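Input: a single structure, listed below in structure tokens.
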Amino acid sequence: MDDGLVEALIAHPPMARELPAFDPAAAPAEPAGLFVEWLRGALAAGVPDAQVVTLSTVDGDGLPDARVLVLRDVDTTRAGWVFWADADSPKGRQLAGRPAAAMTVYWPALGRQVRIRGEVTAVAAPAALNRSPGARAASLVGRQSEPLASAAEYDAAFEAALAADPALPVPGHTVYTLHADSVEFWQGDPRRRHVRLRYRRGADGWDRTLLWP
Ligand SMILES: Cc1cc2nc3c(=O)[nH]c(=O)nc-3n(C[C@H](O)[C@H](O)[C@H](O)COP(=O)(O)O)c2cc1C
């Protein structure tokens, strides 16, 4: 137990500020457009790293795993959430074994959470994918999440990768798309009158349901 932690948390309650209203009756018929509207709202409100999301996967033992990564695009026509990762990383191997995931994002300034679940597809990233030299070098180094003996070992590998021909594709670098079956929008309220709206993919489009908060 950490002395005073409970009191410090109570002194800083979450969502104790004015938050936007969300009228589910005015929500669009499909979720991806609403997600983009909320994401743009978070960017406009100055939420730092508003495109950083949590991706949860399942490992070979059926146990959950999660990490944050950068959301790269949203396909509003087919309700696809796009991210990039190394196929040879733990998450890449987990997605190969069980190609399904949950994505979660919370934008504190707006008190808004979105939860997305569905199947995941993968295609090898083209060499021309728009990336900074540093990001490209970090991917080329590879071995993500393996134990590292020293910082110097990484620095040497990173410098060598920076010198590599940028026209060559990065092995393992992969564009993943999470195809949503379910998307839930959660609007927090400082008085705890939260609003939840869940979209589920049905045979003829999206079903919308209000959920008890
Ligand atoms: C702000 C932030 C952005 C990140 N973006 C990515 C990303 O776009 N792709 C990625 O593979 N890892 C990204 N990471 C690193 C992951 O969180 C994770 O540490 C790494 O991918 C290894 O995960 P794994 O062992 O589950 O495969 C990011 C981390 C942070 C803190």
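What you are looking at is a predicted structure, and each value in this text was computed from that prediction instead of being measured. Order of appearance sets the numbers: ligands from 1, and atoms from 1 within every ligand. For reference, positions follow the sequence shown, starting with 1.
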So, applying salt bridge (charged side-chain N to carboxylate O under 4.0 Å, His left out) with Arg93, which one of Asp59, Asp86, Asp88 is it?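 Exactly one pass, corresponding to Asp88.
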Does any N/O atom on [X] come nearer than 3.5 Å to any N/O atom on ligand 1?
| X | value |
| --- | --- |
| Lys91 | yes |
| Asp86 | no |
| Gln144 | yes |
| Ala85 | no |
| Val70 | yes |

Does Arg72 qualify as a cation-pi partner of Trp84, given the criterion of NZ or CZ under 6.0 Å from the six-membered ring centre and within 45 degrees of its axis?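 Flagged: Arg72 positioned over aromatic ring of Trp84.
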Please report the C-alpha distance between Phe35 and Trp81 in whole Å, then the side-chain angles of each, then the deciding distance to 0.1 Å, and finally whether the ring pair (Phe, Tyr, Trp, His ring centres under 6.0 Å) criterion is met. CA-CA 10 Å; Phe35 178 88; Trp81 276 252; 5.4 Å; yes
Does ligand 1 have a heavy atom under 4.0 Å from the side chain of Glu146, from its backbone, from both, or from neither?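 Neither part.
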Using a heavy-atom cut-off of under 4.0 Å, does the side chain or the backbone of Trp84 touch ligand 1, or both, or neither?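 The answer is the backbone of Trp84.
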Could you walk me through whether His179 and Arg201 pass side-chain hydrogen bond (donor to acceptor under 3.5 Å, both in side chains), step by step? CA-CA 10 Å; His179 304 274; Arg201 201 189 280 275; 5.9 Å; no
Ionic contact status for Asp65 with Lys91, cut-off 4.0 Å: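 Salt bridge absent between Lys91 and Asp65.
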Looking at Arg198 and Glu184, does any basic side-chain N land under 4.0 Å from a carboxylate oxygen?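 Salt bridge between Arg198 and Glu184, a charged N being under 4.0 Å from a carboxylate O: no.
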Looking at atom 7 (C) of ligand 1, what's its closest protein heavy atom, distance included?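 The answer is Leu69 CB, 3.3 Å.
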Just need the protein heavy atom nearest to atom 22 (C) of ligand 1, so name the residue and atom and give the distance.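 Heavy-atom neighbour on the protein nearest atom 22 (C) of ligand 1: Ser145 OG, 3.3 Å.
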Could you go through Glu30 and Arg208, starting from their C-alpha distance and side-chain angles, then the distance that decides it, and tell me whether this counts as salt bridge (charged side-chain N to carboxylate O under 4.0 Å, His left out)? CA-CA 9 Å; Glu30 56 78 35; Arg208 280 176 292 176; over 6 Å; no
Among Thr174, Val68, Leu71, whose heavy atom sits nearest atom 13 (C) of ligand 1?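 Checking each option, the heavy atom nearest atom 13 (C) of ligand 1 is found in Val68.
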Show your reasoning for whether ring pair (Phe, Tyr, Trp, His ring centres under 6.0 Å) applies to Trp186 and Tyr106. CA-CA 9 Å; Trp186 189 101; Tyr106 175 59; 7.3 Å; no
Within less than 4.0 angstrom of ligand 1, does Arg72 place any heavy atom?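 Yes, that is the case, since the closest heavy atom of the residue is under 4.0 Å from the ligand.
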Any protein heavy atom under 4.0 Å from atom 19 (O) of ligand 1?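 For atom 19 (O) of ligand 1 the answer is no, since every protein heavy atom stays at 4.0 Å or beyond.
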